[in-house]
Amino acid sequence: MGMKTIVLQPEELDQAAAFLQAGACVAFPTETVYGLGANALDAQAVASIFAAKGRPQDNPLIVHCCSEAQVLDLVGEVHPTARELMQKFWPGPLTLVLPRTAKIPPVVSAGLDTVAVRIPSHPVALRLIELSGLPLAAPSANLSGRPSPTTAAHVLADLDGRIRAIVDGGETGWGVESTVVDCTALPFRLLRPGGVTLEELQTVTPVEVDPGVYGQLQPGSPPRSPGMKYRHYSPNAKVVLVLGDRPEERILAEGQKHAAQGRRVGVMAPTEHCPRYSEFATLPMGSVSNLQEISANLYRLLREADALELDVLFVESLPETGLGMAIMNRLRRAAGDNIIWAEN
Ligand code: TXA
Ligand code: MG
C-alpha cells in the first residue's frame with residue numbers, strides 16, 4: 001500500500017500479465033463488474049487482495065479461468081449436470097461452486113473444501129488470464145462493503161494507491177455480479193442471483209434458491225455463501241427499500257418527514273416514475289421495461305447517492321423475475337433492515 005496505481009489500456013495487457021506473474025494485484029474489467037485479480041495459486045498474492053479491499057478473511061473468492069480445461073485442472077469431481085451448465089453458460093456471468101483440490105490454497109476459499117470458479121466473457125478478462133497463464137482469484141474491485149465498480153473511475157475511487165495497476169476497459173456490461181450456484185450436492189442451489197437467471201438455470205436442472213438470497217439467514221447455521229452475511233453495496237446514505245405495488249404515497253410521506261427534519265432525501269425509481277418525486281433528488285434507474293438497463297445503472301447510482309450527500313435514499317422495488325431477482329437481492333443487501341411495505 002501507499003504504492004502508485006498504474007492505469008493501463010487494453011493494449012497494454014502484457015504489462016498487466018507481468019504484474020500478476022510477479023504476485024501483484026491488478027484490477028480488470030469483466031462482463032459483470034471490475035474484478036481485483038491475483039494469482040490464485042499463490043497464497044501470498046491472494047492475501048494481498050484481502051488486504052487491499054479490507055475484506056473479511058472468511059469471505060471466499062471466485063477463481064477466474066479462460067478455458068474449461070483450466071477449470072477442470074483445479075477442481076475435484078464435477079457432476080455431469082454442472083458440466084452442462086458450463087457448456088451452456090460459459091463464458092459468461094455464472095460462477096459454479098465445486099470441490100476444491102489442494103492446488104487451490106485454502107486462503108482463496110476461506111478454508112472451505114469448495115472453490116468458486118467461472119470463465120468470464122469479457123475479451124479483456126479472457127486475454128489477461130490467457131497471457132498471464134494463471135487462474136486469477138478476483139473479488140469485485142471495491143473496498144469491502146462499497147458498491148461494486150462498473151467503471152475504472154469507481155475502482156480508483158476506492159483502491160487508488162492500494163493496488164499495483166488497473167486495466168481500463170470502459171464500462172462493464174451487466175452491472176451486477178455473476179450468478180453463484182453450489183454444484184456440490186443435488187439439487188443445485190442458487191447462492192447469489194446474477195446475469196444468468198434462475199429461469200435459465202431451471203431449463204437445465206432444478207435449482208433450489210438459498211434463503212439467504214432473500215436476506216433470510218438460518219439462525220445458528222453458517223450461511224452457504226459466506227458473502228451473504230455481510231451488509232453490502234451500501235452508499236453512505238441510509239437506503240430504505242420500499243416493497244409493495246404502490247410505493248408512491250408512502251415514499252412521499254416518509255420523504256417529507258425526513259426533509260422536515262433537515263435531511264437530504266433522494267429517491268431511486270424507474271425513470272418513468274421519477275416525476276412523482278420531483279420534490280426530492282431523483283436517481284432514475286432506467287426504464288421499468290428494461291431490467292438490463294436498470295442492472296447496468298444500479299451501482300453507479302448508489303455511488304451517486306454519495307456524491308449528492310444524501311442522508312436517506314428511498315428505493316422503489318422491482319418485480320423479482322429474471323434479472324429483477326439479482327437487482328432486488330442487491331437492493332435488499334444495501335438496505336439491510338431498512339425495508340418497509342407500502343400497503344394499499
Ligand atoms: O461477477 C462476479 O462474480 C465478480 C467478477 C469480478 O467476476 N466477482 C465477484 O466476487 O462478485 P465477490 O468476491 O465480490 O463475490 C463472490 C461471492 C461471495 O458472495 C462469496 O461468498 C461467494 O461468491 N463464494 C466464493 N467462493 C465460494 C464458495 N467456495 N462457496 C460458497 N460461496 C462462495
Ligand atoms: Mg463483491
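Only this structure's heavy atoms are used, side chains among them; waters, hydrogens and symmetry mates stay out. Ligands are counted one by one from 1 in listed order, and the atoms in each one are counted from 1 as well. When a residue number appears, it is its place in the shown sequence, counting from 1.
- Thr95 has its side chain out of reach of Val181: every pair of non-hydrogen atoms, C-beta onward, lies at least 4.5 Å apart.
- Residue Ala116 has at least one heavy-atom neighbour below 4.0 Å for each of these atoms of ligand 1: 25 (C), 26 (N), 27 (C), 29 (N).
- In summary, Ser144 places no N/O/S atom under 2.8 Å from the Mg ion (ligand 2), failing the contact criterion.
- Taking only nitrogen or oxygen atoms, main chain and side chain alike, Arg55 reaches within less than 3.5 Å of ligand 1.
- Side chain of Lys103 to backbone of Asp73: a donor-acceptor contact under 3.5 angstrom is found.
- Taking a 4.0 Å cut-off on heavy atoms, His64 registers as neighbouring ligand 1.
- Checked against the 6.0 Å centroid criterion, the rings of His79 and Phe188 qualify as a close aromatic pair.
- At a heavy-atom distance under 4.0 Å, no atom of Ser109 approaches ligand 1.
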With salt bridge (Lys or Arg N to Asp or Glu O under 4.0 Å) as the test, would you mind laying out the steps for Glu84 and Lys88 before giving the verdict? CA-CA 6 Å; Glu84 267 182 75; Lys88 184 142 191 201; over 6 Å; no
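- Close N/O approach between Asn59 and ligand 1 is found [any backbone or side-chain N/O within under 3.5 Å].
- Comparing heavy-atom distances from atom 29 (N) of ligand 1 across Thr32, Ile49, Thr114, Leu61 singles out Thr114 as nearest.
- Residue Arg192 holds the heavy atom nearest to atom 15 (O) of ligand 1 of all those in Lys53, Arg333, Arg192.
- Between Arg332 and Asp337, none of the side-chain N atoms (NZ, or NE/NH1/NH2) sits under 4.0 Å from a carboxylate O, so this pair counts as no salt bridge.
- For the residue pair Glu177/Tyr299, the side-chain donor-acceptor check at 3.5 Å is satisfied.
- Of the heavy atoms in Val97, only side-chain atoms (C-beta onward) come closer than 4.0 Å to ligand 1.
- Taking a cut-off of under 4.0 Å to the non-hydrogen atoms of Ser140, the atoms of ligand 1 that pass are 8 (N), 9 (C), 10 (O), 12 (P), 14 (O).
- Considering each of Ser178, Ala138, Gly111, the one bringing a non-hydrogen atom nearest atom 8 (N) of ligand 1 is Ala138.
- Residue contacts with ligand 1, taken as heavy atom pairs separated by less than 4.0 Å, do not involve Arg189 at all.
- Of the heavy atoms in Asp182, none comes closer than 4.0 Å to ligand 1.
- In this comparison of Gly35, Ala137, Ser144, Gly37, the heavy atom closest to atom 6 (C) of ligand 1 sits on Gly35.
- Under the 4.0 angstrom criterion for non-hydrogen atoms, Arg100 is not in contact with ligand 1.
- Looking at Arg264 and Asp311, no side-chain N of the basic residue comes within less than 4.0 Å of a carboxylate O on the acidic one, giving no salt bridge.
- A salt bridge does not link Asp14 with Arg127: every distance from a Lys NZ or Arg NE/NH1/NH2 to an Asp or Glu carboxylate oxygen is 4.0 Å or more.
- Contact annotation: the side chain of Val239 approaches that of Val315 to within less than 4.5 Å [non-hydrogen atoms, C-beta and beyond].
- Of the candidates Pro56, Pro60, Ala27, Pro60 brings a heavy atom nearest to atom 25 (C) of ligand 1.
- Short contacts between ligand 1 and Leu112, defined as distances under 4.0 Å to a heavy atom of the residue, involve ligand atoms 28 (C), 29 (N), 30 (N).
- The main-chain N or O of Lys4 is found under 3.5 Å from a side-chain atom of Arg164 such that the two form a donor-acceptor pair.
- The shortest non-hydrogen separation linking Arg246 to Ala342 is O-CB, 3.5 Å.
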